[in-house]
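Input: a single structure, listed below in C-alpha cells.
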Number of protein chains: 2
Amino acid sequence: MRDNGAMADMTGPTAATAMNERAQHLLKVLVERYIRDGEPVGSRTLARDAGMDLSPASIRNVMADLEEIGFIASPHTSAGRVPTVKGYRFFVDTLLTVKPLAQQEVRLIRQQLDVEDADPQALLASASSLLSAVTHMAGVVTLPRLEHVAWRHIEFLPLSDNRVLAILVINEGEVQNRVLHLDHRYEPSALQQISNYLNAHFAGKDIQAVRTTLLEELRRTRESMNELMVAAIHMAEKAAGGRSRDQGRSYMMAGETNLMEWAELSDVEKLRRLFEAFTQRREILHLMDKCIAAERVQIFIGEESGYRVLDECSVVTAPYKVGDAVVGVLGVIGPTRMAYERVIPLVDLTARLLGAALNPRK
Amino acid sequence: MRDNGAMADMTGPTAATAMNERAQHLLKVLVERYIRDGEPVGSRTLARDAGMDLSPASIRNVMADLEEIGFIASPHTSAGRVPTVKGYRFFVDTLLTVKPLAQQEVRLIRQQLDVEDADPQALLASASSLLSAVTHMAGVVTLPRLEHVAWRHIEFLPLSDNRVLAILVINEGEVQNRVLHLDHRYEPSALQQISNYLNAHFAGKDIQAVRTTLLEELRRTRESMNELMVAAIHMAEKAAGGRSRDQGRSYMMAGETNLMEWAELSDVEKLRRLFEAFTQRREILHLMDKCIAAERVQIFIGEESGYRVLDECSVVTAPYKVGDAVVGVLGVIGPTRMAYERVIPLVDLTARLLGAALNPRK
DNA sequence: TCTGGCACTCGCTGGCGCGGAGTGCCACAG
DNA sequence: CTGTGGCACTCCGCGCCAGCGAGTGCCAGA
C-alpha cells in the first residue's frame, strides 16, 4: 500500500498520516508483545494477538508503514519487527495504559518504607532494593541534598596523647567527626572554652559564612588557639563542600546483578562498560540530576539519555520531596524492553512514600 | 613411558616417583606459560620454552606422567595441557619464584597508604582499589575489627520539637549517632544531667557491661528518665552488635568489573553468581574470616575455598595488624590463572603498609 | 634413555542444502 | 478503495561433511 494507491501524497506515510486508530492499536499490541517475550513479532502473531479480525497480509501493510516512519524495525529480512526507540517513545507517550500496582506490591512497599523513626540511610537502601526487587532490574536512589547547611554544634573530646576528637553537628542531626592530631596537649577546660565560644557565635549560621568568619578571626587574633580553629574550618569546609553544592553527591544502587539476567544485555563487554559506569558514578549522577527539575516520572529510552553506556537501557526516574522541596531522585535502570506500564507507577509510588518517610515532622 | 619401562613399580607414577627435577622444571615452565597466555600449552611450545634441549617427544612423556598424577589436564585430546588445581597448588607451594615488586609499584603503594592523618575509611578504600588496580583483578579489604568496644562519651543535643540527637562515642574516636523522637520535651539542663550521669558512671567500661548495668538500673528506678536510657541502651546494643563479635562485619571491594575482562570468566551466568556473592557478602566474608588466624599470605586455588561460586577463582589474602593484633584481612580475587608470583608479594606488602597506616600511635 | 616418525584424535572453519519464518508485492473480490 | 489469498523471495539457523592444524600416544631405532 506504500504509494501505489490513488493518494496524491507522494512523500510516503508520515506519523500524522499513518498513525490512524488501527496503526496505533497494532503498534501498541506489538510493543506489549515484544516486551513480554523479547522476540521479534511477525505479522501472523500480531494478527492473532490484535483481536481485530484482520489477515496477516493486511497487518503487513500497516507494519510496512510503521517501519517507514521509524517506529519499528526488523533485525533482518525474515524476522518480524521490533520497536525502535521512537516506537517506544510513542508507545510510552500516547498508547500506554498504566496498570495499577498489585495490592501485594503496594503492601510490600508501604511496609518497607512506612517505618517509624527509621534512619535515612536505611530508608534509601530500602527504597533502592525495593525498586530492584519488584522490577528485577537495578534500583537507584540519589542521596537527598540539603538546602541549608547550618552549623549547629561542635564538641571537642580529648583522646589519648595529643589527639582530640572533633564532632560537628550540622542541620537536623547530621554528624561529622574527625580525629585531630595536635601539636600539644589541651586541657579539657580549654577545649570546652573553645567549643563554647564557637557554639555561642555560630549556632544556626550558614556554614559557608562560618567558614569565612573563622578565617577572618584567625587572621586577626593569630597564634592563639588557632589549631582547633583551623580544624573547625576544615570540618566546616568538608561538611559544606560535601553536601551543599551538588558536588560529590552520590547514590545508592541495588540489584545491578539483576541486569545480567536479561538476554539483551548478555554481552560481557557491554555489561562491563555498564558496571564501570555504575562504579564511576559520574554519568549516572549527571543523568539523575537532570531529573531533579522534573515534576513527576521521567523516562529516558535508549539513546535518549545521551550516555553511550545506556544506549541499550531505559531509565525511569521520579524526584522525591521532603515537604515541598525536591531533594533527590530515584529510579530504575533496565533494558529498553521493560514493562513500562508497571515500572512507572512503581517508581512514582516509591518516590512519594520515600519522601513521606524522610519527612522529619511527624 | 607409562608402565612399560623397566621400573618394577606397577602402580604407575606417583607424585613422589614422577616429580624429579626435570618434571618439576617442566611443570613450572608450563604453568608460567599458561598464566602468561591463557592457552593450553603443547609439547612443542614447552620444548622451546623450557630451554633444556629436549625434543617434543620426550616432553610428551613427562607430560603424560604429570597428567596421570593429576597436575595437568587437557581440555580435549588435541589441545595441549592446562594446570589443574593440584598443579597450581604444587607450583605455588614449591616451584614459585616470587618476584620482588617493581620499584614503581612499591612507590605507588607507599604514596597511597603512607598518608599522615588519613581517616581509616579512606585508607581501606585506597588499599582495595590499589590491589585491584595493580593486579587488574578485584581487591577486597575487611573492615578492621575492634577488640574492646568501650563506652567513652555520650551527648544529647536538643533539636526542634521533642527530638533529641544522641551522639555516642566509642573506642578511640568512633562515633554513633541517632535522632530520638521522645514523648515530651526535655530541658537542655535535664539532658545535660543525664549525659553527665552516664558519662561519669560508664566512661571506659565495656559496652556490654554498660548495657546490662543500664537495664538493671532501669528496672530499679522505673519511669524516671527512662526514655533516654532506653535510647542509650539501644545505641549501646547497636554499637556492640555491629562491631565486637564478628557478626555484621563487612568489607570494601574495588575493581570487580576488572574480572569481566578475563576470558575464563566471560560466561555471564557465572559472572552473575560471582557478583551476587559479592553483594551478598556472606560467603566472601566467611572465607576472609578464616584467614584472620593465618600469619602471612594465604592462597585458595579454585575449589579449595570451598565455595562453589569461587570454583574458577583464586583468592590471595593476608591479615593486617594494628600493633601486634590482627584486625582484618585483605586480598585479591581473580581467576585461577593469575600471576601468583606478583600477587603474593603485593598482597603481603599492602597488608603491612595498611597495618602501619592504621596504627593510631604516631 | 632419548628421539624421530607416524597414525590418530579432535576442535575449528567454511561451504552446502534444507526447512521455517516472515516479508513484499500483486491480482482479485467485495 | 480496502482487504485478502497467493506466491516468490530472503534470510537465519541447523545439521552435515570435508579439510586443516595442533597435539597426542606409541613404537622402533640410535
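Reminder, nothing fancy here: chain letters follow the sequence lines and each chain counts from 1.
- Comparing B:S58 and B:P75 by the nucleotide of DNA chain C whose heavy atom lies nearest to each, the residue mapping closer to the 5' end is B:S58.
- Rounded to whole Å, the distance from CG on B:D53 to C1' on C:dC2 is 11 Å.
- Positionally, the nearest nucleotide of DNA chain C for B:L54 lies more toward the 5' end than for the other of B:L54 and A:G42.
- The shortest distance between the side-chain N/O atoms of B:S43 and the OP1/OP2 oxygens of D:dT24 is below 4.0 Å.
- What separates CE of A:M52 from C1' of D:dG3 is a distance of 12 Å, to the nearest Å.
- Within the 4.5 Å cutoff, side-chain heavy atoms of A:T317 are placed close to those of A:M288.
- Rounding to whole angstrom units, CD1 of residue A:I59 and P of C:dA21 are separated by 18 Å.
- Contact between the side-chain N/O atoms of B:S78 and the OP1/OP2 oxygens of D:dT24 is not found at any separation under 4.0 Å.
- Side chain of B:K270 to backbone of B:E264: no donor-acceptor contact under 3.5 angstrom is found.
- Taking side-chain N and O atoms only, A:S55 has a distance below 4.0 Å to OP1 or OP2 of D:dT4.
- A:E105 has its side chain within reach of A:R342: a pair of non-hydrogen atoms, C-beta onward, lies under 4.5 Å apart.
- Between D:dG25 and B:R81, a contact under 4.0 Å exists linking OP1 or OP2 to a side-chain N or O.
- Taking only side-chain nitrogens and oxygens, B:R44 never comes nearer than 4.0 Å to OP1 or OP2 of D:dT24.
- Neither OP1 nor OP2 of D:dG3 sits under 4.0 Å from any side-chain N or O of A:R60.
- The side chain of A:H76 lies closest to D:dC11 when the candidates are D:dC11, D:dG6, C:dG5.
- Here D:dG25 presents its P atom at 10 Å from CG of B:D65, a figure rounded to the nearest Å.
- D:dG25 atom C1' lies 9 Å from atom CG of B:N61, rounded to whole Å.
- Using a 4.5 Å cut-off on side-chain heavy atoms (C-beta onward), B:P335 and B:M137 make contact.
- In this structure, of C:dC2, D:dG6, D:dG25, it is D:dG25 that holds the atom nearest to the side chain of B:A64.
- In this structure, B:Y34 atom OH and D:dG23 atom C1' are separated by 16 Å, rounded to whole Å.
- Rounded to whole Å, atom P of D:dT24 lies 12 Å from atom CG of B:L66.
- Of the listed residues (B:R36, B:R44, B:R33), just one forms a salt bridge (charged side-chain N to carboxylate O under 4.0 Å, His left out) with B:D49, and that residue is B:R33.
- Dashed line: the shortest gap from a side-chain N or O of A:T77 to OP1 or OP2 of D:dT10 is not under 4.0 Å.
- Here C:dC25 presents its P atom at 11 Å from CD of A:E67, a figure rounded to the nearest Å.
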